[in-house]
Amino acid sequence: MQTTGYAAYDADTPLAPYSFARRDLRDNDVAIEVLYCGICHTDLHIAKNLWKDWFPTSYPTVPGHEIVGRVVEVGKDVRLHAVNDLVAVGTIIDSCQHCDQCRRNEEQMCRQGPTLTYGGADRIDRSMTYGGFSKHMIVRDNFVLKLPDGLDAARVAPLLCAGITVYSPLRLWNVGPGSRVGVVGIGGLGHLAVRFAAALGASVTVITRSAAKGEEAQALGAESVLISTAPDAMAAAASSFDVIIDTVPVGHDMSPYIDLLDVEGVLVIVGALDTMKGFSSLPLITGRRRITGSPSGGIAETQEMLDFCARKQILPDCEIIEMHEVNDAFDRLEHGDVRYRFVIDMASLAVA
């Protein structure tokens, strides 16, 4: 299948049009016309090779792993999807399917490594995978998600990465009525964490450096705001949270947040792929507190999240852009100038 998209050809030049061939459709594959694709901070990191020390970029790379599209063809063994279905694809498009993690529906933890939506290697022919900044995708059927009725397709895409990244730890740590949840930062991840935790019945507090975020936090569903730069307020909030979702995207000092955890509370890092500053083990030991991390979720859990969003009418706040605006969007994303996610209307690719 010949298709077109936008690719990063190297770390220093803007993304530009790229024509390439998708692999042939296999018996268990779904071919998708991409309608919308979200822009994730990961796309920026990969395009600019900012993770070169541990995940170097192979160029050219076509970013995009928050994808909403329409099925245009299916392999002969596909039973889960049909032509014209509205579907979604997230950060992974295949896995070994037989290790212990895959068998427990945690394909993102595949022992052999999941196949990434872009920048990965196809499990059969080892060709490089290209992402959703393109007109078409070919994905193994088990990794294609159903788009529930009642969701605005133009705003769903960020749920496929940002959404599941914060939904998964909330579910893992049993957040529900009576839970006390803190969310550090209101951004692409944080605003969804607030909405999910509130919809699950938790009491939600946004932890932020800016008092001006108060009205914004409450509009998202938070009950209160804790100013992390106010020592008296932080001291008064000690031992008052069961779960804290830390969405800060860079390395930082976690010590102030550890002190906010109650006995057996958990601090979940979802934003920073970075070196973190040291901290004292004393509050961990004396309060049996935990620090952990969380990637995206498995396919079944991602479908659960989409269905939950349809029931609760949870969607990210998005700015819809055209394909030719992607480099400006990358620049704005780098400077935090978006509220809260960019989504590309891929119909604009034909005229980009």
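Note that this is a predicted model, so its numbers are computed, not measured. Just so you know, residue 1 is the first one in the sequence shown, and it goes up from there.
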Going by heavy atoms in the side chains, are [X] and [Y] under 4.5 Å from each other?
X    : Y    : result
V268 : L172 : no
M276 : I269 : yes
E107 : P114 : no
I186 : T208 : no
I344 : Y36  : no
H81  : K146 : yes
S179 : L200 : no
L160 : I67  : no

(message) With salt bridge (charged side-chain N to carboxylate O under 4.0 Å, His left out) as the criterion, how do E319 and R341 come out once you've worked through the C-alpha distance, each side chain's angles and the decisive distance to 0.1 Å?
(response) CA-CA 6 Å; E319 181 177 338; R341 304 289 288 197; over 6 Å; no
(request) Report the relative orientation of the aromatic rings in F196 and Y167; use parallel for angles under 30°, tilted for 30 to 60°, perpendicular for over 60°. (result) perpendicular
(request) Name the orientation class of the two ring planes belonging to H45 and H41 (parallel below 30°, tilted from 30 to 60°, perpendicular beyond 60°). (result) tilted
Nearest 0.5 Å, please: how far is [atom2] in [Y] from [atom1] in [X]?
X    : Y    : atom1 : atom2 : value
L315 : L192 : CG    : CG    : 9.0 Å
W51  : D274 : CH2   : CG    : 10.5 Å
L145 : L306 : CG    : CG    : 6.0 Å

Taking atom types as modelled, is there a side-chain donor on [X] or [Y] under 3.5 Å from an acceptor on the other?
X    : Y    : answer
Y6   : N327 : no
R140 : T115 : no
T117 : H65  : no
D10  : T13  : yes

Please check if atom [atom1] in [X] has more than 12 non-hydrogen atoms from other residues, nucleotides or ligands closer than 6.0 Å.
X    : atom1 : value
E264 : CD    : yes
R209 : CZ    : no
D27  : CG    : yes

(request) Quickly, which of Y9, F133, Y59 forms a ring-ring contact (aromatic ring centres under 6.0 Å, His included) with Y18? Name it, please. (result) Y9
(request) Determine, step by step, whether F342 and E325 satisfy the side-chain contact (heavy atoms from CB on, under 4.5 Å) criterion, reporting the C-alpha distance in whole Å, the side-chain angles of both residues, the deciding distance to 0.1 Å, and the verdict. (result) CA-CA 10 Å; F342 288 114; E325 299 175 290; over 6 Å; no
[X] side-chain N/O to [Y] backbone N/O, donor-acceptor pair under 3.5 Å:
X    : Y    : result
K135 : Q2   : no
T61  : P63  : no
D317 : Y340 : no

Closest heavy-atom contact between [X] and [Y]?
X    : Y    : answer
D149 : A310 : O-CB, 3.9 Å
T129 : D122 : CG2-N, 4.1 Å
V204 : A198 : CG2-N, 3.6 Å
A217 : V225 : CB-CG2, 3.6 Å
N142 : I299 : O-CG2, 3.3 Å
P60  : Y130 : O-CE2, 3.4 Å

(request) With side-chain contact (heavy atoms from CB on, under 4.5 Å) as the test, would you mind laying out the steps for L273 and F55 before giving the verdict? (result) CA-CA 11 Å; L273 294 175; F55 190 75; over 6 Å; no
(message) Does anything in residues 46-58 form a salt bridge (Lys or Arg N to Asp or Glu O under 4.0 Å)? List the pairs, not counting sequence neighbours.
(response) none
(request) Could you go through the side-chain contact (heavy atoms from CB on, under 4.5 Å) check for E223 and T205 one step at a time? (result) CA-CA 6 Å; E223 293 184 9; T205 299; 5.8 Å; no
(message) Here's a test for you: under side chain to side chain donor-acceptor pair (under 3.5 Å), which of E106, E304, E301 qualifies with S168?
(response) E301
(message) So that I can tick it off, tell me whether R22 and D29 are bridged by a salt bridge, with the cut-off set at under 4.0 angstrom between side-chain N and carboxylate O.
(response) no
(request) Check whether the ring centres of Y257 and F241 lie less than 6.0 Å apart, and answer yes or no. (result) no
